[in-house]
Amino acid sequence: MAEDIPKFRYDAALANDIETRWQARWEAEQSFRQPNPGEPGFQAERPKYYCLDMFPYPSGAGLHVGHPEGYTATDILSRYKRMRGFNVLHPMGWDAFGLPAEQYAIQTGVHPALTTKKAIDNFRRQLKRFGFSYDWSRELGTIDPDYYGHTQWIFVQIYEAWFDVQQQKGRPISELIAELESGTRAAQFNPDAAEVGHEDKRKVFAWSALSKREQRAIIDSYRLAYLAQQTVNWCPKLGTVLANEEVIDGRSERGGFPVFRRPLKQWLFRITAYGQRLIKGLEGLDWPDATRAKQTNWIGHSVGAEVSFELAQPLGEQQDLYVFTTRPDTLFGATYMVVAPEHPLVSAVLQAPRPETDVSALQVYVSKARNRSDLDRQQDKTKTGVFTGVYARNPVNGEHIPVWVADYVLMGYGTGAIMAVPAHDERDHEFALAFGLPIREVVKPASGSVEGCFSDDGIAINSASSVVSIDGLPTPEAKAKITAWLEQQKLGKKKHNTRLRDWLFSRQRYWGEPFPIVYDADGDHHPVKKFPVELPELADYQPEESDEPRPLLAKAQAWVHTTAGAAGVEGLPADAKVTRETNTMPGWAGSCWYYLRYADPRDASEPISREADRYWLGDGVDLYMGGAEHAVLHLLYARFWHQILHDLGHVSAPEPFKKLFHQGMILNFAYERADKTLVPIDEVDAVEGEPVERATGQRVTQIVTKMSKSLRNVINPDDVIADYGADTFRLYEMYMGPLEASKPWNTRDIAGLQRFLQRAWRLVIDESTGQPKLSDAEDPQLERQLHRAIAKVQGDIERIAFNTAIAALIGFVNAGTSAAGLTRSQAERFARVLAPFAPHVAEELWQRLGMDGLVSLAAWPSYDDAQLHDATVEVPVQIMGKVRHRLQVPAELDAAGLEKLALADPKVQELLAGKSVRKVVVVPGKLVNIVAN
RNA sequence: GCGAGGAUGGCGGAAUGGCAGACGCGCCGGACUUAGGAUCCGGUACCGCAAGGUGUGCAGGUUCAAGUCCUGUUCCUCGCACCA
């Protein structure tokens with residue numbers, strides 16, 4: 001059969017040929033290399049644009065279709081900005097340390113260094129095949145020793161810093177030490193340190209009388225990176241502890257394994273100190289409201305009072321029980337207290353039971369709570385608890401109230417103990433009813449009455465004693481008065497609290513950054529100042545599933561045991577024996593600062609030079625594109641590091657990401673049976689247009705859901721490129737709908753975008769010769785349409801609305817197809833507006849038109865405002881808001897003229913017959929609305 | 001429970017308070033073809049032969065004019081969740 005497809009028809013084969021050719025040329029010419037200030041070729045007069053993608057975690061599975069969605073969007077913006085004369089920083093790299101790579105290595109028996117390298121090579125190949133205009137000379141990987149050496153350096157900066165609450169600012173630890181030594185700061189533990197007990201915080205020392213070790217303890221309580229015995233989320237299956245953020249519904253985010261609580265000595269970041277800064281910093285940012293709200297909620301800042309309740313009899317060292325409450329005005333209604341099962345009071349009372357203590361019941365309850373995974377604990381919300389036998393004294397009225405232990409109180413929030421006010425707190429109410437505890441009303445609603453538990457603001461009642469009274473005060477005043485009284489009596493103080501907890505930073509796994517920390521013979525920690533601390537080769541990286549955490553790096557004995565001199569530790573004799581920290585950093589570490597490194601990727605002496613920071617990041621990253629799944633974790637952690645680095649003077653911008661945009665998720669269709677179970681996409685046939693399950697012949701319903709292997713609806717980008725080409729793929733994903741929306745993949749729709757490129761190609765190129773076919777005479781109507789398309793595309797790119805920009809390009813090509821043809825000038829301008837979206841075909845058109853250089857580096861075409869409108873316009877004439885007639889009028893006709901014309905029109909007069917005109921609304925050039933009855 | 005967002009043709013979606021449905025898919029008709037799952041041209045919200053009428057989840061309201069603003073409501077999606 002004769003093949004009469006023209007030789008230069010734009011089909012998948014030609015697209016693939018064009019694309020690979022231009023990609024090779026861009027690479028050979030380093031077309032998108034962006035020099036830094038001071039480097040040859042740097043153009044100082046240009047404005048800058050830093051366009052950043054969230055770098056991928058290179059998995060063995062390769063890219064999925066969600067990756068190129070965000071990457072195409074930033075590529076369009078980067079290419080557009082380049083054409084508009086910006087210096088564009090558009091880099092790419094690899095987030096390559098972390099649990100998934102290690103899990104994969106364990107499964108396959110291949111070392112993570114090898115599997116990761118392979119995955120990176122594959123990702124790079126796939127990304128290059130899309131023609132993304134990254135500056136590959138800036139490529140980096142978090143696993144590069146050069147890179148993670150700086151990650152470790154930043155850790156040491158954080159370790160050697162503290163947060164000054166007065167100034168709301170991080171400062172070098174040396175300044176704190178100077179203040180302590182000079183006596184300008186009282187020698188006390190950090191009052192906000194979560195790891196220090198209340199008894200210790202109360203003490204005031206004489207600095208010079210303290211031993212070195214005692215001084216160290218006080219200094220350490222201020223450090224922003226600190227070591228503490230913590231109740232942690234221990235995941236035996238993964239053989240590591242996890243951050244709260246990595247635990248979802250009591251299971252590990254990775255793998256979905258059960259997580260238990262156990263005490264462990266761990267490195268933590270004092271991120272809670274930055275809680276208020278992290279909320280406040282969101283104010284000026286151009287971020288999605290939802291993401292700002294998520295972070296604010298996650299940090300969960302609340303203001304209240306910390307109140308001490310004196311124990312009826314001291315328990316060992318403990319004399320007081322501290323609680324945090326946002327409702328100090330309800331103190332008179334506190335009829336009992338509750339401590340978390342992990343609270344120190346519990347072990348104290350087990351040591352020295354009171355007459356009323358039921359030791360065995362208490363022991364059973366506490367051990368049960370400990371062994372219960374968070375999952376069980378959260379699923380079962382019925383209130384349980386045990387009386388400890390201890391009583392505490394209510395400071396406002398001297399009443400002795402019982403102290404209970406119950407797992408509805410969490411050790412991780414506030415002080416791990418509460419005063420229970422069952423009349424005005426739902427949970428306390430439920431607990432009191434379950435255990436027959438007294439309920440005393442101390443707030444009444446300002447008007448009306450309430451059944452059950454009233455937890456809103458109201459008026460204080462029954463709130464007076466011989467020492468203090470707040471009766472009759474509205475809640476806000478009652479809070480203020482009682483807090484002032486508590487402070488004056490030294491029984492409490494105003495307190496800010498965050499739901500956010502300090503960030504657990506240790507992992508017991510192999511595939512992560514080693515800590516730049518060693519321990520001396522006394523077990524004291526010291527920072528390492530020689531970077532990188534290289535991850536030792538380890539042939540056996542199999543974690544042991546156990547209840548007792550054993551860091552994998554402990555197996556590298558030769559690496560663990562070293563000397564201060566060899567490790568690069570200051571302040572110890574060079575031959576002093578030290579052992580290295582064997583925990584590793586979590587996967588988040590590398591992604592906390594990679595956007596800084598791109599600006600200066602080969603600087604050996606520091607993470608980023610001052611010049612590179614000032615130029616590229618002086619006001620932060622101009623656009624950060626990535627998935628909403630990172631709204632809290634990565635985006636909060638990175639802001640935290642950045643704020644510290646800013647406070648310490650290492651970076652100039654107060655916030656790292658000026659504008660943030662989340663691309664929506666790409667979903668796919670699946671089919672659902674009547675019983676809501678899902679049917680894989682390839683087991684469904686269309687029968688008379690209705691989807692039917694092949695095996696059963698039953699009707700199924702089309703739904704939209706996440707792509708998944710089990711539904712066999714995962715789309716492989718490589719296949720799509722082979723079938724249609726990268727330009728079509730890029731256009732399709734951008735055309736699916738608004739970038740921020742989640743939307744279903746529909747392979748059928750891709751053809752429409754390929755047809756568009758085909759028509760565009762044919763509009764300029766003769767399919768049989770490959771030569772341009774151009775018109776000599778300019779069609780003025782088509783010229784106006786080109787100006788409109790340029791204006792529309794330009795505006796739409798600026799507002800990140802690529803679907804409508806592409807619609808405008810399609811509209812222009814359709815208009816061109818029905819007109820006599822494009823002139824050379826029109827074809828050449830069209831190639832430019834097309835270039836950000838479909839860069840390969842745009843380059844090919846550009847070259848075939850005989851233009852010099854690359855269209856990718858050409859200037860964006862301008863448009864003429866005067867060309868955006870036609871001389872005459874059609875104006876609808878409405879009567880009572882309904883369109884009844886249309887008039888052709890000069891575009892610039894003013895309101896009075898238009899009204900006159902409309903009312904004089906015979907058709908309008910006919911429609912108005914028998915009615916009187918009440919009012920005429922005229923929008924010049926738009927419409928006429930006649931109100932008549 | 002708290003927080004955020006959404007609902008427009010057969011499907012994806014478009015619309016600074018100013019002609020609802022741009023553009024694409026699909027579908028219908030035609031042209032060119034030995035052929036068409038290629039290409040080109042035309043049509044396509046719904047009801048109606050038409051004139052015309054009806055339409056943006058539902059019920060109200062503001063306005064000359066509402067998909068858009070306001071009030072209430074239903075359903076859906078996402079995030080957090082015993083946070084004192």
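Proteins come first, then strands; the chains are lettered A, B, ... in the order of their sequence lines, and each starts at number 1. Scope of the values below: all heavy atoms of this structure, side chains included, with no hydrogens, waters or symmetry mates.
In this structure, A:Lys383 fails the cation-pi test against A:Phe431, since its NZ or CZ atom is not both closer than 6.0 Å to the six-membered ring centre and inside 45 degrees of the ring normal.
Across every non-hydrogen atom of A:Pro422 and A:Gly333, the tightest pair is CD-O, 3.9 Å.
Backbone-only engagement by A:Ser302 is indicated by non-hydrogen atom pairs under 4.0 Å involving sugar-phosphate atoms exclusively. A:Pro288 comes within 4.0 angstrom of no nucleic acid atom, judged by non-hydrogen atoms across all strands. Within 4.0 Å (heavy atoms only), A:Thr296 reaches no atom of the nucleic acid at all.
Between A:Asp905 and A:Arg884 no salt bridge is recorded (no basic side-chain N to carboxylate O distance below 4.0 Å).
Applying the ring pair (Phe, Tyr, Trp, His ring centres under 6.0 Å) criterion to A:His198, with sequence neighbours excluded, gives A:Tyr322. Not counting sequence neighbours, A:Asp428 has no partner by the salt bridge (charged side-chain N to carboxylate O under 4.0 Å, His left out) test. Legend: residues meeting ring pair (Phe, Tyr, Trp, His ring centres under 6.0 Å) with A:Phe830, ordered by chain and number and at least two apart, are A:Phe812. Judged as a ring pair (Phe, Tyr, Trp, His ring centres under 6.0 Å), and not counting sequence neighbours, the contacts of A:His301 are A:His496. With sequence neighbours excluded, the residues that form a side-chain contact (heavy atoms from CB on, under 4.5 Å) with A:Ile703 are A:Ala670, A:Glu672, A:Leu678, A:Thr705. For A:Phe669, there are no ring pair (Phe, Tyr, Trp, His ring centres under 6.0 Å) partners two or more places apart in sequence or in a different chain.
B:rG10 adopts an anti glycosidic conformation, its chi angle falling more than 90° from 0.
Atom P of nucleotide B:rG52 and atom CD1 of A:Ile879 are separated by 12 Å, given to the nearest angstrom. Going from atom CD of A:Glu910 over to atom P of B:rA51 covers 15 Å, rounded to whole Å. Rounding to whole angstrom units, NZ of residue A:Lys743 and P of B:rC78 are separated by 17 Å. To the nearest angstrom, P of B:rA84 lies 16 Å from NZ of A:Lys494. When rounded to the nearest whole Å, the span between CE of A:Met665 and P of B:rG79 equals 8 Å. One can place CG of A:Leu633 at 12 Å from C1' of B:rC80, the figure rounded to the nearest angstrom.
Identified under the salt bridge (Lys or Arg N to Asp or Glu O under 4.0 Å) test for residues 288-299 of chain A, with sequence neighbours left out: A:Asp289-A:Arg292. The list of side-chain hydrogen bond (donor to acceptor under 3.5 Å, both in side chains) pairs with a residue in residues 915-926 of chain A, not counting sequence neighbours, reads A:Arg918-A:Asn933.
Side-chain atoms of A:Thr272 and A:Asp502 include a donor-acceptor pair closer than 3.5 Å.
Remark: the backbone N or O of A:Phe837 is paired with a side-chain donor or acceptor of A:Arg730 at under 3.5 angstrom.
The side chain of A:Arg499 lies closest to B:rC80 when the candidates are B:rA84, B:rG13, B:rC80.
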What's touching nucleotides 2-4 of chain B from the protein side, N or O pairs under 3.5 Å?
unit_1: B:rG3; atom_1: O2'; unit_2: A:Asn297; atom_2: ND2; d: 3.3

Quick test: give all pairs of protein nitrogen or oxygen and nucleotides 53-57 of chain B nitrogen or oxygen below 3.5 Å, distance rounded to 0.1 Å.
unit_1: B:rG53; atom_1: OP1; unit_2: A:Arg884; atom_2: NH1; d: 3.4

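Of the two residues contacting RNA chain B, namely A:Ile930 and A:Asp425, the nearest-nucleotide position lying further toward the 5' end is that of A:Ile930.
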#### Entry: Contact state string [nucleotides 16-30 of chain B, B base, S sugar-phosphate only, - no protein heavy atom under 4.0 Å]
--BB--BBSSS----

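Secondary-structure stems of RNA chain B, taken as three or more successive Watson-Crick or G-U wobble pairs (i with j, i+1 with j-1) under a 3.5 Å distance threshold, comprise B:1-7 with B:74-80, B:10-12 with B:23-25, B:26-31 with B:39-44, B:45-47 with B:52-54, B:57-61 with B:69-73.
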